[in-house]
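I have placed the structure first, in the form of C-alpha cells, so that the comments after it can refer back to it.
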Amino acid sequence: MRLRPLLFPGVAAIAVLIIALALASHQTTASGARSTTVSGKTASVKVDMYAFTPATLTVKAGTRITFTNHDSTAHTATANVGSFDTGTINPGQSKTIVVKRPGTYPYHCAFHAFMTGTLKVVS
C-alpha cells in the first residue's frame, strides 16, 4: 500500500516527459531545415511559426540574404552584437541584408527574443 502514493507522481512525470519530447520533435519538423549552406550570391530565410528557417545559414561574404515574414505578426532579424538589423518586417514583407565580413553572427527577433538564428559568413 505504500507504493500507491508514489504511483501517480511517477506516471505524471513520465507523461510530462513524453509530451515534452513530442513537442521538441514537432518544433524541429515545423521549422524545417536546421542548417543550410548556400554557395550563390543570394540566400533566403523564412520567418514562419515564430522561427527562422533555416536556423543556421552559411553564406559567402557579400551574399544578399532576404528574410521573408510568413507570420501574421511583425518580426525582425537583429544581430546580437549589432552588426545587422532588418528593422521591422511586417507580415508578407521581406527585407534584405548583406554581411561582408566573415564570422558567426547569432541573431534574434527584437519582438520575440526566443526566436533565434545563426548566420555564418565565410570568405
Side-chain angles (χ1 to χ4, degrees):
M1 285 290 171
R2 286 200 174 284
L3 292 179
R4 200 167 246 199
L6 298 177
L7 185 60
F8 179 73
V11 170
I14 291 171
V16 168
L17 179 62
I18 290 170
I19 291 169
L21 290 173
L23 286 174
S25 172
H26 174 70
Q27 287 175 336
T28 300
T29 301
S31 64
R34 301 304 303 156
S35 181
T36 299
T37 300
V38 175
S39 59
K41 297 193 183 292
T42 63
S44 61
V45 175
K46 183 178 179 181
V47 184
D48 192 23
M49 297 179 65
Y50 292 88
F52 296 106
T53 303
T56 300
L57 176 64
T58 303
V59 298
K60 289 185 178 182
T63 300
R64 295 176 49 85
I65 303 137
T66 301
F67 292 82
T68 303
N69 185 355
H70 295 274
D71 267 339
S72 60
T73 189
H75 295 292
T76 73
T78 304
N80 294 358
V81 295
S83 48
F84 66 84
D85 186 358
T86 61
T88 301
I89 310 170
N90 288 312
Q93 292 186 335
S94 298
K95 297 278 180 97
T96 300
I97 63 163
V98 176
V99 179
K100 296 180 180 179
R101 290 189 167 195
T104 299
Y105 301 89
Y107 64 92
H108 63 279
C109 172
F111 304 128
H112 311 99
F114 60 88
M115 292 177 58
T116 61
T118 302
L119 176 61
K120 294 182 180 180
V121 179
V122 297
S123 309

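Keep in mind it's a predicted model, so treat the numbers as computed, not measured. Computed from heavy atoms alone, side chains included, the values below leave out hydrogens, waters and symmetry copies. By convention here, the first residue in the shown sequence is residue 1.
Clustering ILVMFWY residues whenever any of their side-chain heavy atoms sit less than 4.5 angstrom apart, transitively, puts Ile65 in a cluster other than the one holding Val81.
Between Ile97 atom CD1 and Phe67 atom CZ the span is 4.5 Å, to the nearest 0.5 Å. Atom OG1 in Thr63 sits 9.0 Å away from atom CG in Leu119 (nearest 0.5 Å).
Residues Thr53 and Asp48 have side chains not in contact (no heavy-atom distance under 4.5 Å, counting atoms from C-beta outward). Side chains of Met115 and Val47 form a contact here, defined as non-hydrogen atoms less than 4.5 Å apart. Two residues are said to be in side-chain contact when any heavy atoms from C-beta on lie closer than 4.5 Å; Thr118 and Leu57 fail this criterion.
In terms of the side-chain contact (heavy atoms from CB on, under 4.5 Å) criterion, residue partners of Val122 (sequence neighbours excluded) are, by chain and number, Thr58, Lys60. For Lys95, there are no salt bridge (Lys or Arg N to Asp or Glu O under 4.0 Å) partners, not counting sequence neighbours. By the ring-ring contact (aromatic ring centres under 6.0 Å, His included) test, Tyr50 pairs with His75, His112, sequence neighbours left out. In this structure, the side-chain contact (heavy atoms from CB on, under 4.5 Å) partners of Ser94, at least two apart in sequence or on a different chain, are Thr66, Thr68. Among residues two or more places apart in sequence or in another chain, the side-chain contact (heavy atoms from CB on, under 4.5 Å) test is passed with Ala74 by Thr88, Asn90, Phe111.
A distance-only check finds a donor-acceptor pair linking the side chain of Asn69 to the backbone of Asp71 [under 3.5 Å].
The minimum heavy-atom distance linking Gly117 with Phe52 is given by the pair N-CD1, 4.1 Å. The heavy-atom pair separating Pro54 from Ser44 by the smallest distance is CD-O, 3.9 Å.
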**OP:** Give the C-alpha distance, both sets of side-chain angles, the deciding distance and a yes or no for side-chain contact (heavy atoms from CB on, under 4.5 Å) between Thr56 and Lys120.
**Re:** CA-CA 7 Å; Thr56 300; Lys120 294 182 180 180; 3.9 Å; yes
With a 3.5 Å cut-off and sequence neighbours excluded, list the donor-acceptor pairs that the side chains of residues 98-110 form with protein atoms.
| unit_1 | atom_1 | unit_2 | atom_2 | d |
| --- | --- | --- | --- | --- |
| Tyr105 | OH | Arg101 | O | 2.6 |
| His108 | ND1 | Thr78 | O | 3.1 |
| His108 | ND1 | Asn80 | OD1 | 2.6 |

